[in-house]
Participant: 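Dumping the structure here so I can ask a few things about it.
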Amino acid sequence: AQQGRVREKVYGKQKIYFADQEQLPAASDAELRGLDAEIAERSGQLQALQQSCRHMEAELKDLNSSMTTPEIAREIETLRKDCASYTEKLERIKSATNHVTPEEKEKVCREQQLYRREWRRRKRMATELLDAILEGYPKSKKQFFEEVGIETDEDHGVELPAAT
């Protein structure tokens, strides 16, 4: 600083030193334009490199999230085994000789509807009868069922099958 190559500024107790720019040669307009053109060119290169970097990072992310070759090989082998087992099951079903004819199926459906209707009718009759008894019974419905030994469909989680 005493020799004049570095300048000193004092801010309270702090001192800041910086190069004395007055000793540097002044740049001409042509040099400044050349430097501005170089800055613009380098900025363009920087943007192109940043774009390329983003593209490569996205590609890397895609590659990292995809399966590796050994994983794909295991997946293909698993799918082939599944396919073979399904093909075998399909062949067994096709070759089976105990197919149900449409007439048999219709007969079973009619019987199921008949039994379901009868079940519903008998359940309704039993419920009406028990309700009539409970009108004059001094205890609760649950206590009555326990004393008599009645088990309901609901106690065993049984539901009427849906209509087909």
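Below, all heavy atoms of this structure are taken into account, side chains as well, without hydrogens, waters or symmetry copies.
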Participant: Working to the nearest 0.5 angstrom, can you tell me the gap between I133 CD1 and L129 CG?
Facilitator: 4.5 Å
Participant: Please identify each residue that fulfils side-chain contact (heavy atoms from CB on, under 4.5 Å) with E59, with sequence neighbours left out.
Facilitator: H55, L63
Participant: Within the side chain of T127, is there an N or O that forms a donor-acceptor pair under 3.5 Å with the backbone of K123?
Facilitator: yes
Participant: With the threshold set at 4.0 Å, does a side-chain nitrogen-carboxylate oxygen contact exist between E118 and R121?
Facilitator: yes
Participant: Would you please name every residue forming a side-chain contact (heavy atoms from CB on, under 4.5 Å) with E128, sequence neighbours left out?
Facilitator: R124
Participant: By side-chain contact (heavy atoms from CB on, under 4.5 Å), which residues pair with N64, not counting sequence neighbours?
Facilitator: L60
Participant: Determine whether E75 and L79 make a side-chain contact, defined as any pair of heavy atoms from C-beta on separated by less than 4.5 Å.
Facilitator: yes
Participant: Would you say the side-chain atoms of Q113 pair up with the backbone N or O of R110, donor to acceptor, closer than 3.5 Å?
Facilitator: no
Participant: Less than 4.5 Å apart, any side-chain heavy atom of Y137 and any of L130?
Facilitator: no
Participant: For the atom pair CD (E8) and CG (D20), what is the distance rounded to the nearest 0.5 Å?
Facilitator: 12.5 Å
Participant: Tell me every residue that passes side-chain contact (heavy atoms from CB on, under 4.5 Å) with E88, counting only those two or more places apart in sequence or in another chain.
Facilitator: R92
Participant: How many angstroms lie between OG1 in T87 and NZ in K94, if you round to the nearest 0.5 Å?
Facilitator: 9.5 Å
Participant: Just verifying a value: how many Å separate T78 OG1 and R80 CZ, rounded to the nearest 0.5 Å?
Facilitator: 11.0 Å
Participant: Say you draw a straight line from CE of M56 to CD of Q51; how long is it, rounded to the nearest 0.5 Å?
Facilitator: 11.0 Å
Participant: With sequence neighbours excluded, tell me which residues meet salt bridge (Lys or Arg N to Asp or Glu O under 4.0 Å) with E38.
Facilitator: R42
Participant: Can you measure from CG (L46) to SG (C53) and round to the nearest 0.5 angstrom?
Facilitator: 10.5 Å
Participant: Cut-off 3.5 Å, no hydrogens considered: what does the side-chain donor-acceptor table look like for residues 138-145, sequence neighbours left out?
Facilitator:
{"residue": "K139", "atom": "NZ", "partner": "E147", "partner atom": "OE2", "Å": "2.9"}
{"residue": "S140", "atom": "OG", "partner": "Q143", "partner atom": "N", "Å": "3.2"}
{"residue": "Q143", "atom": "OE1", "partner": "S140", "partner atom": "N", "Å": "3.2"}

